[in-house]
Amino acid sequence: QTNIENEGKEEAKAYDKYACFCKEQATGKQYAIEKANELEERLTAEIDAADSEKQRLEGEISTLNDEIDGVEGEMDKANQTRESDHASYLERDAELQEGIQGAKDAINETEHAQKQIDAAKAAVPSLLLQQLAQTVRALEEPLPNKATQLATDIAEASKKDPPDLLTIFKSLKKHLEMMKIDNDKEELESLQKYEMLQGAHKNQIKAKDHAIKKFNATCAELTEEIAPKTQDRTDSETARTADEGFLSDLTDKCQAKAEAWDARSKVRSGELEAIGKALEILKGRAVDVAGSADEVGSKLGIGLLAKHRA
């Protein structure tokens with residue numbers, strides 16, 4: 001019985017020590033798991049926030065690129081319009097210069113003729129009048145006001161008999177020169193308007209490019225921020241999973257140890273109880289044997305005494 005009790009005490013010490021180990025390990029791992037969960041939640045929130053901001057900036061960059069494409073399209077359209085307007089200007093300018101030169105030549109010829117003959121009595125060549133009419137018609141579309149005034153002056157000069165050719169040619173030259181001035185002015189205004197428009201477009205593109213560069217730099221910073229945090233979260237998840245596995249295995253083993261200890265304690269208690277009962281039984285029998293011996297001895301002593309007396 002004593003051996004069994006001593007063995008029970010040693011086993012109890014060993015179990016208590018193991019139970020303390022289980023508690024310490026479980027507490028440590030549970031704390032580590034909780035801290036890992038907190039860390040992962042924080043990292044996930046920071047990663048999601050950074051990723052959301054990165055996606056927003058990427059959307060802004062995409063929009064800015066589309067806007068730049070639109071501005072460049074407007075610039076191309078303005079270039080085409082400018083080329084067309086300049087070509088029209090050059091065509092009108094060539095016609096006006098040709099007309100001015102023709103008027104100068106006509107004036108010179110008329111003045112020269114007036115010195116040679118009495119030009120006032122000369123008939124107006126039909127070809128010259130036809131050329132004047134063509135010149136006026138050529139100017140009607142680009143410069144209608146000037147062409148109308150010129151036609152009026154020519155008509156007034158033509159009413160004279162004979163027509164005042166020198167006045168007609170001088171009026172033609174004057175109006176053609178005025179038309180050229182207006183044509184040059186319109187070309188300059190068109191050029192200035194074009195350059196201002198293209199300058200504004202270039203400034204828009206420059207500002208959008210600057211914003212894109214800024215957003216790209218921020219996106220790069222966010223990417224650098226996200227990468228290590230993602231790795232930290234992955235490392236934490238790996239460690240936490242290992243801790244959870246260890247805790248689960250430890251819980252199973254400690255539970256099994258506790259159940260074995262309970263079973264062993266019950267067996268030992270049974271053993272001690274059985275031994276106690278056995279001892280009680282043995283003690284009872286010893287008393288019975290001792291009483292019987294005394295009775296036999298008593299009887300034997302009486303017999304011997306009777307024989308001795310005899």
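Just so you know, residue 1 is the first one in the sequence shown, and it goes up from there.
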Would you please say whether a donor-acceptor pair under 3.5 Å links the side chains of [X] and [Y]?
{"X": "Glu41", "Y": "Asn37", "value": "no"}
{"X": "Asp76", "Y": "Gln80", "value": "no"}
{"X": "Asp85", "Y": "Tyr194", "value": "no"}
{"X": "Gln97", "Y": "Asp93", "value": "yes"}
{"X": "Gln30", "Y": "Asp243", "value": "no"}
{"X": "Asp235", "Y": "Gln231", "value": "yes"}
{"X": "His201", "Y": "Gln198", "value": "yes"}

Quiz item: Please walk me through it: do Cys254 and Tyr18 pass side chain to side chain contact (heavy atoms under 4.5 Å, CB included)?
Solution: CA-CA 8 Å; Cys254 291; Tyr18 185 75; 4.1 Å; yes

- prompt: Passes side chain to side chain contact (heavy atoms under 4.5 Å, CB included), Leu191 versus Tyr89? Steps please.
  reply: CA-CA 11 Å; Leu191 178 61; Tyr89 160 76; over 6 Å; no

Just how far is it from atom [atom1] of [X] to atom [atom2] of [Y], taken to the nearest 0.5 Å?
{"X": "Lys229", "Y": "Arg42", "atom1": "NZ", "atom2": "CZ", "answer": "7.5 Å"}
{"X": "Ile68", "Y": "Ile61", "atom1": "CD1", "atom2": "CD1", "answer": "10.5 Å"}
{"X": "His210", "Y": "Ile212", "atom1": "NE2", "atom2": "CD1", "answer": "11.5 Å"}
{"X": "Asp69", "Y": "Glu72", "atom1": "CG", "atom2": "CD", "answer": "6.0 Å"}
{"X": "Glu40", "Y": "Glu237", "atom1": "CD", "atom2": "CD", "answer": "5.0 Å"}
{"X": "Leu176", "Y": "Lys104", "atom1": "CG", "atom2": "NZ", "answer": "10.5 Å"}

Where the side chain of Thr230 meets the backbone of Ile226, is there a donor-acceptor pair that is under 3.5 Å apart? yes

Fill in: Test item: Asn203 side-chain N/O and Gly199 main-chain N/O as donor-acceptor pair under 3.5 Å
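Present.
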
Do Phe215 and Ile205 share a hydrophobic cluster (ILVMFWY, side-chain heavy atoms under 4.5 Å, transitive)?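 Same cluster: Phe215 reaches Ile205 through Ile, Leu, Val, Met, Phe, Trp or Tyr contacts under 4.5 Å.
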
Taking every non-hydrogen atom, the tightest pair across [X] and [Y]:
{"X": "Glu53", "Y": "Leu222", "value": "CG-CD1, 3.8 Å"}
{"X": "Ala26", "Y": "Leu247", "value": "CA-CD1, 3.7 Å"}
{"X": "Ala211", "Y": "Leu64", "value": "CB-CD1, 3.8 Å"}

Legend entry - From CA spacing to verdict: side chain to side chain contact (heavy atoms under 4.5 Å, CB included), Lys202, Met75: CA-CA 9 Å; Lys202 289 178 180 179; Met75 292 182 70; 3.8 Å; yes

Tell me, with the steps shown, if Glu177 and Lys173 meet salt bridge (charged side-chain N to carboxylate O under 4.0 Å, His left out). CA-CA 6 Å; Glu177 288 174 343; Lys173 176 177 175 291; 2.6 Å; yes

Selection residues 213-249 - residue pairs positive for disulfide (SG to SG under 2.5 Å), sequence neighbours left out: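 Passing the test, one end in residues 213-249: no pairs.
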
- Task: Could you tell me whether the side chain of Lys174 reaches within less than 4.5 Å of the side chain of Lys170, counting heavy atoms only?
- Result: no

In terms of side-chain geometry, is the basic nitrogen of Lys213 or Asp209 positioned less than 4.0 Å from the acidic oxygen of its partner?
no

Check: Salt bridge check: are Glu58 and Lys54 linked by an N-O gap of less than 4.0 Å?
Finding: yes

- Applying side chain to side chain contact (heavy atoms under 4.5 Å, CB included), name anything that partners Glu98, two or more places apart in sequence or on another chain.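 Glu98 satisfies side chain to side chain contact (heavy atoms under 4.5 Å, CB included) with no other residue.
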
Could you tell me which residues satisfy side chain to side chain contact (heavy atoms under 4.5 Å, CB included) with Tyr31, sequence neighbours excluded, listed by chain and number?
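Partners of Tyr31 by the side chain to side chain contact (heavy atoms under 4.5 Å, CB included) criterion, ordered by chain and then number, come out as Lys35.
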
Among Leu39, Ile47, Thr238, exactly one meets side chain to side chain contact (heavy atoms under 4.5 Å, CB included) together with Arg233. Which residue is that?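 It is Ile47; the other options fail the test.
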
| query | What do the steps show when you test Glu187 against Arg82 for salt bridge (charged side-chain N to carboxylate O under 4.0 Å, His left out), and what is the final call? | reply | CA-CA 10 Å; Glu187 166 64 7; Arg82 173 59 192 158; 2.4 Å; yes

So Arg56 and Glu60, side chain to side chain contact (heavy atoms under 4.5 Å, CB included) or not? Walk me through it.
CA-CA 6 Å; Arg56 185 189 70 80; Glu60 291 286 345; 3.9 Å; yes

